[in-house]
Amino acid sequence: MQVQRVVLNSRPGKNGAPVDPYMRCRMNDDTGADYLTPWQLSECVDGGGVGVVESSRCADRAEGDVVTFFNWPWQTHAVMKGSVLQKVDPQLVDGHLSYFLGAVGITGLTALFGVREKGHVTKGAHQTMVVSGAAGACGSIAGQIGRLDGCVRVVGICGTDEKCRALVEDLGFTAAVNYRQEDVPARLRECCPDGIDVYFDNVGGAISDTVIAQLNNGGHVILCGQISQYNKDVPYPPPLSEEIHETLQSKNITRERFMVLNYMNKADAALCELSQWVKSGKSSLVSSHVIVICFILQVLETVVNGIENMGDAFCSMMKGGNIGKQIIKISE
């Protein structure tokens, strides 16, 4: 049987790929996840990507179609099976194709399903959410969704004053904590006077131990990522200390591994919701007596040009050098 393939275009601004923390796990013999295979020596590495079809012999994929794929090869041009490529509508992101790799893609779905499936956020319950890695791709979206879904306080933990300002001024977080410069336990008690009900965990390690210690009875930990542990020789999820185990049990706190792929039957509706939020931006409704501000989803990105800079961008992202999604635009 002849295999139908498409050739993907790499025009600047039309083809891009992200680097994400999970890719560090693909450098291990055991990735810690059944759905992730290790990268092999001498083979082309891959990851999420979006691009434009340059030419096609596949009936379902035409020249000019915008397509995305989870295992996009890191190269300027690629010949790929049309059947594995998902066609996407640029209107869903107002032409910002990189958003398909972030807020209106697997990252946005991870944030949305994490909050809704594991966070148990309830409107009117006066809940407080804390997000670690809050200025990263997933954390920046998750915190906003927590706010949109009803949390009265959303507090982000990040590593620079610039990121703290972005969380509060651009994304509408209630407060932000710079873990490199501030006393994290004290600042959390100050920012979360009623305790913490939901913790969106992207980092693990000492930061997460500190947050868990301040969780309320019946709280929820959304175990999304553990980036602080990825360079260590430990299993995933990394083991917890006996003290933290006791805290989880004594306070009846839920903490379960979360994988977005388990909820893909809900993905289409979720992507439509994310698209509507992203396209709406911020709007103001003015009546004769009151001004109501409707805060919708804001998207932050750090963009690097050139496939030759992918390695540097990855290392920078692993050290917290990005704000929002780390995107690489492929050069010709």
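Residue indices begin at 1 and follow the sequence shown.
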Residues K266, E117; criterion salt bridge (charged side-chain N to carboxylate O under 4.0 Å, His left out); working and verdict: CA-CA 11 Å; K266 304 177 181 181; E117 299 293 336; 2.8 Å; yes

Residue pair V155, C192: steps toward the side chain to side chain contact (heavy atoms under 4.5 Å, CB included) verdict: CA-CA 8 Å; V155 177; C192 310; 3.8 Å; yes

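- A donor-acceptor contact closer than 3.5 angstrom links the side chains of S208 and Y199.
- Hydrophobic clustering places M318 together with M310 (ILVMFWY residues linked when any side-chain heavy atoms are closer than 4.5 Å, directly or through intermediates).
- Between D170 atom CG and K163 atom NZ the span is 14.0 Å, to the nearest 0.5 Å.
- To the nearest 0.5 angstrom, D201 atom CG is 15.0 Å from H220 atom NE2.
- Residues T37 and R26 form a side-chain contact, since some pair of their non-hydrogen atoms from C-beta on lies under 4.5 Å apart.
- The shortest distance between side-chain heavy atoms of V221 and I212 falls below 4.5 Å.
- Between the side chain of S56 and the backbone N or O of A62, no donor-acceptor pair lies under 3.5 Å.
- Between the OG atom in S241 and the CD1 atom in I244 there is a gap of 4.5 Å [rounded to 0.5 Å].
- Placement of V130 and V168 in two distinct hydrophobic clusters is found when ILVMFWY residues are connected by side-chain heavy-atom separations under 4.5 Å, directly or transitively.
- Using a cutoff of 4.0 Å between basic side-chain nitrogens and carboxylate oxygens, R153 and D194 are scored as salt-bridged.
- The minimum heavy-atom distance linking P73 with A78 is given by the pair CG-CB, 3.7 Å.
- With a 4.5 Å cut-off on side-chain heavy atoms, Q86 and F69 do not count as touching.
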Evaluation steps, salt bridge (charged side-chain N to carboxylate O under 4.0 Å, His left out), between R187 and E190: CA-CA 5 Å; R187 281 285 287 140; E190 177 186 341; 3.4 Å; yes

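- A search for salt bridge (charged side-chain N to carboxylate O under 4.0 Å, His left out) contacts involving D209 returns nothing, not counting sequence neighbours.
- Across all their heavy atoms, I327 and E301 have their closest contact at CG1-OE2, 3.9 Å.
- A donor-acceptor contact shorter than 3.5 Å is absent between the side chain of E182 and the backbone of V184.
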V93/V278 under side chain to side chain contact (heavy atoms under 4.5 Å, CB included): CA gap, chis, key distance, verdict: CA-CA 7 Å; V93 292; V278 167; 5.7 Å; no

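- Checked against the 6.0 Å centroid threshold, F100 and F70 do not count as a close aromatic pair.
- No side-chain N or O of S316 forms a donor-acceptor pair with one of Q326 less than 3.5 Å apart.
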Derivation of the side chain to side chain contact (heavy atoms under 4.5 Å, CB included) call for T107 and L101: CA-CA 7 Å; T107 302; L101 305 175; over 6 Å; no

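- Side-chain atoms of M23 and W39, non-hydrogen and from C-beta on, do get closer than 4.5 Å to each other.
- With a 4.5 Å cut-off on side-chain heavy atoms, I145 and I141 count as touching.
- The CD atom of E169 lies 10.5 Å from the CG atom of L171; values are rounded to the nearest 0.5 Å.
- Interatomic distance, CE of M80 versus SG of C58, reported as 12.0 Å (0.5 Å rounding).
- Between F200 and F258, the distance from one ring center to the other does not fall under 6.0 angstrom.
- When all heavy atoms are compared, the tightest approach of I207 to S132 is CG2-CB, 4.3 Å.
- Looking at heavy atoms from C-beta onward, M317 lies out of side-chain contact with K325 at the 4.5 angstrom threshold.
- One distance of note links CD of Q127 with CG of D149; it measures 10.0 Å at 0.5 Å rounding.
- The cluster map of Ile, Leu, Val, Met, Phe, Trp and Tyr, joined by side-chain heavy atoms under 4.5 Å apart, puts V152 and I196 in different clusters.
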Derivation and outcome, side chain to side chain contact (heavy atoms under 4.5 Å, CB included), residues L248 and L240: CA-CA 10 Å; L248 295 174; L240 297 173; 3.7 Å; yes

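- The nearest pair of heavy atoms linking L167 to A176 is CD1-CB, 3.9 Å.
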CA sep, side-chain torsions, deciding dist, call: E246, K251, salt bridge (charged side-chain N to carboxylate O under 4.0 Å, His left out): CA-CA 8 Å; E246 291 177 355; K251 290 186 175 182; over 6 Å; no

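- Residues Y22 and V45 are members of one and the same hydrophobic cluster, defined by side-chain heavy-atom contacts under 4.5 angstrom among Ile, Leu, Val, Met, Phe, Trp and Tyr.
- Counting heavy atoms from C-beta on, the side chains of M264 and L109 come closer than 4.5 Å.
- Contact detail for G146 and V154: the closest heavy-atom pair is C-CG2, 4.3 Å.
- Of all heavy-atom pairs spanning F113 and V260, the tightest one is CD1-CG2, 3.8 Å.
- Residue N217 places its CG atom among more than 12 non-hydrogen atoms of other residues, nucleotides or ligands, all under 6.0 Å distant.
- In this structure the side chain of V198 never reaches within 4.5 angstrom of the side chain of H120, judged on heavy atoms.
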